[in-house]
Amino acid sequence: MPNPEHQTRILQTIAAIPHGKLCTYGKIAELAGLPRHARLVGATLKNLPAGSKIPWHRVINSQGRSSFPEGSDAFNKQQQRLEAEGVILSGGKYNLRHYLWTP
DNA sequence: GTAATGACCAGGC
DNA sequence: AGCCTGGCCATTA
C-alpha cells in the first residue's frame with residue numbers, strides 16, 4: 001500500500017501548479033520534499049480516480065514530452081486540455097522555457 | 001528473503 | 001536530434 005502522507009504532499013504540490021503552466025515529475029517530487037522520487041509521482045498519478053480535480057495534465061517529463069504514447073487517449077486528452085490553457089505542443093514537445101512553473 | 005516493474009532522470013555516444 | 005545505459009526507489013510478485 002502506498003504511503004498516504006507522501007501521496008498527499010505530492011497531490012498538493014501538483015494542485016498548486018497554476019493554470020497555463022507545467023511541471024516535471026522530478027521537480028514535483030523535490031517540491032514535495034521527496035527528492036529522487038520522480039517515479040513515485042508517476043505511480044501516484046496512475047492511481048488517481050477518474051474525475052479527480054488534480055491537474056495531472058500539467059505534469060510532463062524532464063524532456064518536455066508527455067509520458068503517454070503519442071496518439072493514445074490520455075495523450076490526446078492531455079494535449080487538448082493544455083492547449084485550452086494556451087500551452088502548445090510543438091514538434092511533439094512542450095516548451096519548458098515558456099511554460100515551466102518555478103515557485 | 002530476491003527479482004522485476006515503472007505517467008522518471010542524467011549522462012554518454 | 002535519437003538511442004542506450006546506469007541509477008533511482010516504492011511497490012509488487
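Throughout, a chain's letter reflects where its sequence line sits, starting with A, and its residues are numbered from 1.
Open room surrounds CD on A:Glu70; 12 or fewer heavy atoms of other groups in view lie less than 6.0 Å from it. For A:Asp73, the CG atom is loosely surrounded, since the number of other residues' heavy atoms within 6.0 Å does not exceed 12.
If you take CD1 of A:Ile10 and P of C:dT11, they are 10 Å apart, rounded to a whole angstrom. At whole-Å resolution of the value, NZ in A:Lys46 and P in B:dT5 are 13 Å apart. Look at CG on A:Leu34: it is 9 Å from P on C:dA10, rounded to the nearest Å. Look at OH on A:Tyr25: it is 17 Å from C1' on B:dA10, rounded to the nearest Å. Across the protein-nucleic acid pair, A:Asn47 atom CG and C:dA10 atom P stand 16 Å apart, rounded to whole Å. Going from atom CG of A:Leu48 over to atom C1' of B:dG6 covers 16 Å, rounded to whole Å. The CD-C1' distance, from A:Gln63 to B:dG11, rounds to 11 Å in whole Å. Remark: C1' of B:dC9 and CD1 of A:Ile28 are 14 Å apart, rounded to the nearest angstrom.
At a cut-off of 3.5 angstrom, the base of C:dC8 holds no donor-acceptor pair with the side chain of A:Arg36.
Checking side-chain atoms of A:Asn61 against main-chain N and O of A:Ser67 turns up no donor-acceptor pair under 3.5 Å.
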Stepwise side-chain hydrogen bond (donor to acceptor under 3.5 Å, both in side chains) test for A:Ser66 and A:Tyr94: CA-CA 8 Å; A:Ser66 169; A:Tyr94 299 98; over 6 Å; no
Verdict with reasoning, A:Glu85 to A:His57, per side-chain hydrogen bond (donor to acceptor under 3.5 Å, both in side chains): CA-CA 11 Å; A:Glu85 300 184 357; A:His57 56 283; 3.1 Å; yes
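Listed pair A:Ser62 / B:dC9 meets the phosphate criterion, a side-chain N or O lying under 4.0 Å from OP1 or OP2. Within the structure, a side-chain polar atom (N or O) of A:His37 is placed less than 4.0 Å from OP1 or OP2 of C:dA10. Residue A:Ser66 places none of its side-chain N or O atoms closer than 4.0 Å to OP1 or OP2 of B:dA7.
When distances are taken from the side chain of A:Lys93 to each of B:dA7, C:dA1, B:dC8, the shortest belongs to C:dA1. Checking B:dC8, C:dT11, B:dA7 against the side-chain heavy atoms of A:Asn3 singles out C:dT11 as nearest.
Annotation: of the two residues near DNA chain B, A:Leu40 and A:Asn61, the 5′-most nearest-nucleotide partner is A:Leu40. Positionally, the nearest nucleotide of DNA chain C for A:Arg39 lies more toward the 5' end than for the other of A:Arg39 and A:Ala43.
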